[in-house]
*Asks:* 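Would you mind keeping the following structure in view while I ask a few things?
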Amino acid sequence: MSKLQLKYFDCYGRGGTIKLLFKLGNIDFEDVIVPFESWNEEKESYGLPLDQLPVLVVDGFTLCQTTAIERFAATKAGLLGKCALTDAKGDMLFETISDVRQKISAGLMGTLAAEFPTEPGTFRLKDNTQENRDRRTAAMRENYNKMMNEKCKTFDKILKTIQTNKDFCVGNELTFVDIQLVSLYIFSKDVNVGHDFEKASPLTFKTAMNIINNNPKIKEFVDEFQASGKPCTGLGKMY
């Protein structure tokens, strides 16, 4: 297999989990950073199947869709595929987290649509000046925090049904869903899309902290990202 090539923006977003999985699997890859500023003008030049990122180029084939790439990376890292039931239990929590994020994203855009109209089918503002992006960012920050604190109680509900070891979500070793909790923790600390993780879902928070603190590679990854000062999304910069 030729060297993998990951293309994504200079933020955590949908690419961060993939990079962490590669780190855990000691998988070499080329990290291609796509500039926020020129994305709309240059995206056609990247040869993207759906005009969206991330994508992963594997032996000349371009994989798209975040979960498909994450599952590929998790399988390569040995965190999926050992036990079908373990994977399915982990997916119960993973899908619950995904559902909450999707509902909040849709809810936020609906709530702010009248005040901040966007280009059809995108998050890009019709008035895409920095001043208007900053105004929407402030409005989204307040609403996102409130909605996450209300909705992510379901994480604990699912975790209680699948967890048998306080250091992992499922079973007695690291799996794909554990890495999703690490990403959830990183997002919770973001200035724009953060929330009170510990208060909203204390069991999930404690498990995430155990996963981070008990694994040196994960701890190093989290510490390096937080020290970088990079955002979790392009909110306020790109749209």
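Heavy atoms only: backbone and side chains are in, while hydrogens, waters and symmetry mates are out. No experiment lies behind these values; they were computed from the predicted model shown.
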*Asks:* Identify which one of Thr164, Leu174, Ile158, Leu181 satisfies the side-chain contact (heavy atoms from CB on, under 4.5 Å) criterion when paired with Cys169.
*Replies:*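 In the set Thr164, Leu174, Ile158, Leu181, the residue that makes a side-chain contact (heavy atoms from CB on, under 4.5 Å) with Cys169 is Leu181.
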*Asks:* Minimum heavy-atom separation for Ala200 to Cys152, with atom names?
*Replies:*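 Closest approach of Ala200 to Cys152: CB-SG, 3.3 Å.
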*Asks:* Hey, what do you get for CG (Leu50) to CD (Gln52), rounding to the nearest 0.5 Å?
*Replies:*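 Answer for the CG-CD pair, Leu50 versus Gln52, is 5.0 Å.
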*Asks:* Quick one: pull up CG in Asp167 and CG in Asn214 and give me the separation to the nearest 0.5 Å.
*Replies:*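 These two atoms lie 5.0 Å from each other.
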*Asks:* Does Phe72 share a hydrophobic cluster with Phe61, counting links as ILVMFWY side-chain heavy atoms below 4.5 Å and allowing steps through other members?
*Replies:*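 Per the 4.5 Å side-chain linkage, Phe72 and Phe61 are co-clustered.
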*Asks:* Asp190 side chain to Ile186 main-chain N or O, any donor-acceptor pair under 3.5 Å?
*Replies:*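 No, Asp190 side chain to Ile186 backbone: no donor-acceptor pair under 3.5 Å.
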*Asks:* With no hydrogens and no angle check, do the side chains of Asn172 and Asn165 hold a donor and an acceptor under 3.5 Å apart?
*Replies:*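 The answer is yes; a qualifying pair exists.
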*Asks:* Between Glu198 and Lys206, does any side-chain N to carboxylate O distance fall below 4.0 Å?
*Replies:*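 Salt bridge: no.
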*Asks:* Please say yes or no: joined through hydrophobic side-chain contacts below 4.5 Å, possibly via intermediate residues, are Leu53 and Tyr46 part of one cluster?
*Replies:*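 Yes, it is one cluster - the side chains of Leu53 and Tyr46 are joined through contacts under 4.5 Å.
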*Asks:* Considering all heavy atoms of both residues, which atom of Glu30 and which atom of Lys3 are nearest to each other, and what is their separation?
*Replies:*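 So the minimum-distance heavy-atom pair works out to N-CE, 3.7 Å.
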*Asks:* Hey, what's the ring geometry for Phe29 with Phe22, parallel, tilted or perpendicular (30° and 60° as the breaks)?
*Replies:*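 The rings of Phe29 and Phe22 sit tilted, inter-plane angle from 30° to 60°.
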*Asks:* OH of Tyr185 to OG of Ser188: how many Å apart, nearest 0.5 Å?
*Replies:*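 The OH atom of Tyr185 sits 6.5 Å away from the OG atom of Ser188.
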*Asks:* Is there a side-chain contact between Phe225 and Cys232 (heavy atoms, below 4.5 Å)?
*Replies:*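 In short, these two side chains touch, coming nearer than 4.5 Å.
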*Asks:* Does Lys19 reach the side chain of Leu6, with side-chain heavy atoms less than 4.5 Å apart?
*Replies:*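 When only atoms from C-beta onward are counted, Leu6 and Lys19 do touch, with a gap below 4.5 Å.
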*Asks:* Which value, rounded to the nearest 0.5 Å, describes the distance between Thr161 atom OG1 and Leu93 atom CG?
*Replies:*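 Nearest 0.5 Å value for the OG1-CG distance: 8.5 Å.
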*Asks:* When you compare the side chain of Phe168 with that of Asn210, does any pair of heavy atoms fall below 4.5 Å?
*Replies:*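 No; the side chains remain at least 4.5 Å from each other.
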*Asks:* To the closest 0.5 Å, what do you measure between CD (Glu95) and CD (Gln102)?
*Replies:*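 Interatomic distance, Glu95 CD to Gln102 CD, rounded to 0.5 Å: 8.0 Å.
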*Asks:* Quick one about Thr137 and Asn192 (side-chain donor to acceptor, distance below 3.5 Å, no hydrogens or angles considered), yes or no?
*Replies:*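 Checked: Asn192/Thr137 side chains show no N/O donor-acceptor pair below 3.5 Å.
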*Asks:* Between Val177 and Leu79, is the side chain to side chain contact (heavy atoms under 4.5 Å, CB included) condition met? List the steps.
*Replies:* CA-CA 9 Å; Val177 70; Leu79 303 184; over 6 Å; no
*Asks:* Are Val57 and Leu21 connected in a single hydrophobic cluster, I mean Ile/Leu/Val/Met/Phe/Trp/Tyr linked by side-chain heavy atoms less than 4.5 Å apart?
*Replies:*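 No, Leu21 does not connect to Val57 through the hydrophobic network.
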*Asks:* Show, in sequence, the C-alpha distance, side-chain angles and deciding distance for Leu4 and Asp28, and conclude whether the side chain to side chain contact (heavy atoms under 4.5 Å, CB included) test is met.
*Replies:* CA-CA 7 Å; Leu4 303 173; Asp28 189 28; over 6 Å; no
*Asks:* If the threshold is 4.0 Å, N to carboxylate O, is there a salt bridge linking Glu173 and Lys82?
*Replies:*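 Salt bridge between Glu173 and Lys82, a charged N being under 4.0 Å from a carboxylate O: yes.
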*Asks:* Using a strict cut-off of less than 4.0 Å between a Lys/Arg side-chain nitrogen and an Asp/Glu carboxylate oxygen, indicate whether Asp99 and Lys103 qualify as a salt bridge.
*Replies:*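 Salt bridge absent between Asp99 and Lys103.
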*Asks:* Pairing donors with acceptors under 3.5 angstrom, does anything connect the side chains of Asn128 and Asn132?
*Replies:*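 No - no donor-acceptor pair under 3.5 Å links their side chains.
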*Asks:* State whether the side chain of Lys153 and the backbone N or O of Asn149 hold a donor-acceptor pair below 3.5 Å, judged by distance alone.
*Replies:*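 The answer is yes, because a donor-acceptor pair under 3.5 Å joins these two groups.
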*Asks:* For residues Val34 and Tyr8: do they belong to one hydrophobic cluster (side chain heavy atoms under 4.5 Å, members Ile, Leu, Val, Met, Phe, Trp, Tyr)?
*Replies:*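 Yes, same cluster.
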*Asks:* Got more than 12 heavy atoms from elsewhere within 6.0 Å of NZ, Lys43?
*Replies:*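 Yes.
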*Asks:* For a quick test of reading the model, state the closest non-hydrogen atom pair linking Ala139 to Phe116 and the distance between them.
*Replies:*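 Reported closest heavy-atom pair: CB-CE1, 4.2 Å.
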*Asks:* Please tell me if the side chains of Met92 and Ile162 come closer than 4.5 Å, counting only heavy atoms from C-beta onward.
*Replies:*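 They are in contact (side-chain heavy atoms under 4.5 Å apart), so the answer is yes.
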*Asks:* Look at the aromatic rings of Phe197 and Phe205 and report parallel, tilted or perpendicular, splitting at 30° and 60°.
*Replies:*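 Ring orientation, 0 to 90° scale: perpendicular.
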*Asks:* According to a hydrophobic-cluster definition based on side-chain heavy atoms being under 4.5 Å apart (Ile, Leu, Val, Met, Phe, Trp, Tyr only), do Leu112 and Met147 belong together?
*Replies:*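 Yes, Leu112 connects to Met147 through the hydrophobic network.
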*Asks:* Begin from the C-alpha positions of Lys219 and Asn213 and carry the test side chain to side chain contact (heavy atoms under 4.5 Å, CB included) through to its verdict.
*Replies:* CA-CA 6 Å; Lys219 183 70 164 60; Asn213 291 325; 3.4 Å; yes
*Asks:* Just so I know, are the side chains of Met148 and Leu184 near enough to count as touching, which here means a heavy-atom distance under 4.5 Å?
*Replies:*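 Yes, close enough: below the 4.5 Å cut-off.
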*Asks:* CG of Leu159 to OG1 of Thr204: how many Å apart, nearest 0.5 Å?
*Replies:*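 It is 5.0 Å, given to the nearest 0.5 Å.
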*Asks:* With side chain to side chain contact (heavy atoms under 4.5 Å, CB included) as the criterion, how do Arg136 and Leu125 come out once you've worked through the C-alpha distance, each side chain's angles and the decisive distance to 0.1 Å?
*Replies:* CA-CA 9 Å; Arg136 185 175 68 169; Leu125 290 160; 3.5 Å; yes
*Asks:* At their closest point, which heavy atom of Pro49 faces which heavy atom of Thr62, and how far apart are they?
*Replies:*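 Where Pro49 meets Thr62 most closely, the heavy atoms are CD-CG2, 3.8 Å.
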*Asks:* Check the angle between the aromatic planes of Phe221 and Tyr12 and answer parallel, tilted or perpendicular using the 30° and 60° thresholds.
*Replies:*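 Ring orientation of Phe221 relative to Tyr12: perpendicular.
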*Asks:* Could you tell me if the side chain of Cys64 sits less than 4.5 Å from the side chain of Leu48, heavy atoms only?
*Replies:*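 SC-SC contact between Leu48 and Cys64 ruled out.
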*Asks:* Establish, from distance only, whether the side-chain atoms of Ser183 and Thr17 form a donor-acceptor pair under 3.5 Å.
*Replies:*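 Present: a donor and an acceptor within the cut-off.
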*Asks:* Answer yes or no for Arg14 and Phe9: cation-pi contact, defined as NZ/CZ to six-membered ring centre under 6.0 Å and angle to ring axis within 45°.
*Replies:*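 No, Arg14 does not sit over the ring of Phe9.
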*Asks:* Can Asp91 and Arg71 be counted as an ion pair, charged N to O under 4.0 angstrom?
*Replies:*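 Looking at Arg71 together with Asp91, the answer is yes, because their closest N to O distance falls below 4.0 Å.
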*Asks:* Cut-off 3.5 Å, side chains only: do Asn26 and Lys217 have a donor facing an acceptor?
*Replies:*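 A donor-acceptor contact under 3.5 Å links the two side chains.
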